[in-house]
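Starting from 1, each residue takes its place in the sequence as its number. These figures come from a predicted structure and were not determined experimentally.
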Amino acid sequence: MTYQESIDFLYNSLPVFQREGASAYKPGLGTSLALDDLFGNPHREYACIHIAGTNGKGSTAHTLAAVLARAGYRTGLYTSPHIFDFRERIRVNGQKISHEAVVDFVERWMAVESDLTPSFFELTSTMAFEYFAREKVDVAVIETGLGGRLDSTNIITPVVSVITNISPDHTALLGESLEKIAFEKAGIIKTGVPAVIGERQPECMAVFEERAEAVGAPLKYAASLDGRREDGMMVYEHTPYGKIRGELSGDCQIRNAATVMEILGVLSGCGFAIPAESVRDGFAHVCEDTGLMGRWTTLRRDPLTICDTGHNIGGWEYIASQLSARKSGTLHLIMGFVNDKDISAILRKIAEIGGDKRLYFSAPSVPRGLNADALAAQAAEFGLNGPAIADVNEALATATAAATGADDMILIAGSNFLIADLNLSLLSEDK
C-alpha cells in the first residue's frame, strides 16, 4: 500500500466522527480492549498520562510533552483531531509518526482475521499505543477523544489522570448539564491513581470528589497562577520552577499552565526527575517542540493574523475577553463551525465584544461544516452581520484587503476543520 491508500482506508472504510458526527461515535470499551489484546497490550510497556476535559486538554498535553522531552524522557504524544496532517496525532519527541509506520500498521490490521468493526478513533488509538511501544517511549501523554468514561483511550492505567475543565460541548452525547459531562470525564479517574483537576467548578467538584473517593484516588486541584502577556509570550512569576515564559499566550493558557505545574508536582512525587530548566524550556518552546497549532497562533504580523480553534462556549469565554481588552484598531473576525453544535451562546458572546469589528462568515469544507449562509442567518439574530464567504482563504483575502489600519487584527476562529482549510502559503509576510 501507499501512504495515501492507507489514509483512504482509515477514512473511507471506518466510521469517522469528523465526517459523520454522532453516528460515528461508538461509546464503550469492548472493541478497544479486543484490539489491544490483538496487538499485545502495547500501552503496558510505558508510563501513561491521561488527559480529559472540554477545553485546554490539547494545550496541556502538548506543554507537558514538551517539558518531559526536555527533561530527557522519550515522550509519546497522542492528540486529536489533527489540523493539516493525520500524522500530527501521533508523535514521539515532537516528530510525527512516519508514513511507513502508518502503512505498516494498516497493512497488518487488514491481514488480521477478526470480526471486529472498529471506528476510526478506536483503530488509530491502537495504532498510537503500538507505535509508542515500538519506539520504546518512556512515557506517553494521551488525550481523550470525546468524553472519558467510554472513550477508546480509557483502557490505559496512567500514572496520573487529568481533567482540565468542564464546559457544554457534545451535549447530545455527554449530557446537557455540567454535572453529567463531569461524570463522563471523571471516568478516567482510576483506582489509586492520582488525579489532577484544572479548575474548581462548583457544579463539578462533588462529582470528581465522589469518584476519587470511590476508587481511592488522591485528588488535587491546580493552584491559582498569575500571568501577564509580554512580547507575545505569557510570563509567570514566582512559580516552583522560577520565572517562566510561555510560548502559548492566549488568556486561557494561564489556567492550563497552572494545571501543567500541578501535574509536574505529582510526577515528581512518582519518581520523575524534572529539572526546573526543563520546565522553563518546555514552556518556552512548546510549539517548536511538539508542532502545536491553533491556540492563539500568530500566522502573520502585518496585518496581525491569528488563528484559534475555539469551537465551544468555554473557549470563546476566553477569546471574547481577550478581544474586548484590545484598545484600538478594527477586529476582522472570520468564523466557521460544524453543523451539529448549538452555537447560540458563542454568537451571543461575540455580540458582546466591544470595539470596532467586522465579521466574515465562512464554513469548514468537511461534510459536517455549517453552511456559511446559514451561519450568517443565525448570527443576524444576534445583531451580527457581514458577508458569507464559504472558502476561508477567500474570506481571509477579503479581510486582509480591508485591514488597513496600523492596529487592525484578523482572527480566524471556530472549528479545527476551518483552520485546516487555510492555505498557509498565502500567509507569508510579503503577501
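- Paired with Ile410 under the rule side chain to side chain contact (heavy atoms under 4.5 Å, CB included), one option of Thr330, Leu333, Thr400, Leu331 passes, and it is Thr400.
- Counting heavy atoms from C-beta on, the side chains of Ile197 and Lys220 never come closer than 4.5 Å.
- Nearest heavy-atom pair, Asn55 versus Asn165, reported as atom, atom and distance to 0.1 Å: N-OD1, 3.0 Å.
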Report the C-alpha distance between Thr60 and Ile263 in whole Å, list the side-chain angles of each, state the deciding distance to 0.1 Å, and finish with yes or no for side chain to side chain contact (heavy atoms under 4.5 Å, CB included).
CA-CA 10 Å; Thr60 298; Ile263 299 166; 3.9 Å; yes

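- In terms of modelled atom types and a separation under 3.5 Å, the side chain of Glu88 and the main chain of Ile83 share a donor-acceptor contact.
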Verdict with supporting geometry, Glu184 and Lys180, salt bridge (charged side-chain N to carboxylate O under 4.0 Å, His left out):
CA-CA 7 Å; Glu184 294 299 328; Lys180 289 181 179 179; over 6 Å; no

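- No donor-acceptor contact under 3.5 angstrom links the side chains of Thr164 and Arg255, judged on distance only.
- By the neighbour-count criterion of 12 heavy atoms within 6.0 Å, atom CD of Gln4 is densely surrounded, having more than that number from other residues, nucleotides or ligands.
- A side-chain N or O of Tyr78 and one of Ser125 form a donor-acceptor pair less than 3.5 Å apart.
- Side chain to side chain, Glu352 and Ser324 fail the donor-acceptor criterion of an N or O pair below 3.5 Å.
- Between Ile319 and Gly310, the shortest heavy-atom contact is CD1-CA, 3.9 Å.
- Salt bridge absent: Asp281 and Arg245 never bring a charged side-chain N and a carboxylate O closer than 4.0 Å.
- Here the closest non-hydrogen pair linking Val338 and Ser415 is CG1-OG, 3.9 Å.
- If you check the side chains of Asn312 and Ser167, you find no donor sitting under 3.5 Å from an acceptor.
- Two residues are said to be in side-chain contact when any heavy atoms from C-beta on lie closer than 4.5 Å; Phe382 and Ser344 meet this criterion.
- The only member of Ile306, Ile412, Leu304 that meets side chain to side chain contact (heavy atoms under 4.5 Å, CB included) when paired with Leu299 is Ile412.
- Tested against Trp109 for a side chain to side chain contact (heavy atoms under 4.5 Å, CB included), the candidates Asp104, Thr126, Leu116 yield a single pass: Leu116.
- More than 12 non-hydrogen atoms from other residues, nucleotides or ligands lie less than 6.0 angstrom from OH of Tyr318.
- Taking the charged nitrogens against the carboxylate oxygens, Arg70 and Asp289 do have a contact shorter than 4.0 Å, which makes a salt bridge.
- The backbone N or O of Tyr241 lies less than 3.5 Å from a partner atom in the side chain of Arg280, making a donor-acceptor pair.
- Of the residues Val159, Thr75, Leu77, Leu267, the one that meets the side chain to side chain contact (heavy atoms under 4.5 Å, CB included) test with Val139 is Thr75.
- Proximity of a side-chain donor or acceptor of Thr309 to a complementary backbone N or O of Gly294 within less than 3.5 Å is detected.
- No side-chain donor-acceptor contact under 3.5 Å links Asp151 and Thr144.
- Using the six-membered ring where Trp is involved, Tyr73 and Phe272 have ring planes that are tilted, between 30° and 60° apart.
- Between the side chain of Asp36 and the backbone N or O of Leu33 there is no donor-acceptor pair closer than 3.5 Å.
- Atom CD of Glu179 sits in a crowded spot, with more than 12 heavy atoms from other residues, nucleotides or ligands closer than 6.0 Å.
- At a cut-off of 3.5 Å, with distance as the only test, no side-chain donor of Gln201 or Tyr221 sits close to an acceptor on the other residue.
- Not a single donor-acceptor pair under 3.5 Å links the side chain of Thr305 to the backbone N or O of Arg301.
- None of Phe39, Tyr131, Tyr3 except one satisfies the ring-ring contact (aromatic ring centres under 6.0 Å, His included) rule with Phe105; the exception is Phe39.
- Listed for the Arg229 side chain is no donor-acceptor partner under 3.5 Å among the backbone atoms of Val235.
- Around the CD atom of Glu203, the shell of radius 6.0 Å holds more than 12 heavy atoms that belong to other residues, nucleotides or ligands.
- Of all non-hydrogen atoms in Met234 and Leu248, the two that sit nearest each other are CB-O, 3.7 Å.
- Leu384 is listed as a side-chain neighbour of Ile350, based on a closest heavy-atom distance under 4.5 Å.
- Taking the six-membered ring for Trp and thresholds of 30 and 60 degrees, Tyr11 and Phe120 have ring planes inclined between 30 and 60 degrees apart.
- In this structure, Phe283 and Val260 have side chains that are in contact, with non-hydrogen atoms separated by less than 4.5 Å.
- In summary, Arg228 and Glu230 engage in a salt bridge, as defined by a charged side-chain N under 4.0 Å from a carboxylate O.
- Closest approach of Ser362 and Leu375 over heavy atoms only: O-CD2, 3.7 Å.
- Ile343 is listed as a side-chain neighbour of Leu370, based on a closest heavy-atom distance under 4.5 Å.
- Ionic pairing of Asp407 and Arg326 is not present here: no N-O contact between side-chain nitrogen and carboxylate oxygen is shorter than 4.0 angstrom.
- Put simply, the side chain of Ile90 reaches to within 4.5 Å of the side chain of Phe132, judged on heavy atoms.
- Judged purely by distance below 3.5 Å, without hydrogens or angles, the side chains of Arg358 and His332 never pair a donor atom with an acceptor atom.
- Side chain of Ser321 to backbone of Glu317: no donor-acceptor contact under 3.5 angstrom is found.
- Counting heavy atoms from C-beta on, the side chains of Ser119 and Leu14 never come closer than 4.5 Å.
- Looking only at distances, a side-chain donor or acceptor of Tyr46 sits under 3.5 Å from a matching main-chain atom of Phe129.
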Decide side chain to side chain contact (heavy atoms under 4.5 Å, CB included) for Thr239 and Met261; before the verdict, give the C-alpha distance in whole Å, the side-chain angles of both, and the deciding distance to 0.1 Å.
CA-CA 8 Å; Thr239 80; Met261 290 183 202; 3.8 Å; yes

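- Lys357 NZ: more than 12 foreign heavy atoms inside a 6.0 Å radius.
- Taking every heavy atom of both residues into account, Gly147 and Ala52 meet most closely at O-CB, 4.1 Å.
- Here the side chain of Ser98 pairs a donor or acceptor atom with the backbone of Ala101 at under 3.5 angstrom.
- Residues Val196 and Val160 form a side-chain contact, since some pair of their non-hydrogen atoms from C-beta on lies under 4.5 Å apart.
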Passes side chain to side chain contact (heavy atoms under 4.5 Å, CB included), Thr63 versus Asn256? Steps please.
CA-CA 9 Å; Thr63 303; Asn256 295 335; over 6 Å; no

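- Side chain of Asn154 to backbone of Gly187: a donor-acceptor contact under 3.5 angstrom is found.
- Under a cut-off of 6.0 angstrom, the local environment of CG in Asp226 is sparse, with at most 12 non-hydrogen atoms contributed by other residues, nucleotides or ligands.
- Under a 4.0 Å N-O distance rule, the pair Glu130/Arg108 qualifies as a salt bridge.
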Give the intermediate values and the outcome of side chain to side chain contact (heavy atoms under 4.5 Å, CB included) for residues Thr153 and Ile188.
CA-CA 9 Å; Thr153 63; Ile188 72 165; over 6 Å; no

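- Side-chain contact of Asn393 with Asp421: a donor-acceptor pair under 3.5 Å is absent, judged by distance alone.
- The aromatic rings of Trp316 and Phe337 sit tilted, their planes meeting at an angle between 30° and 60°.
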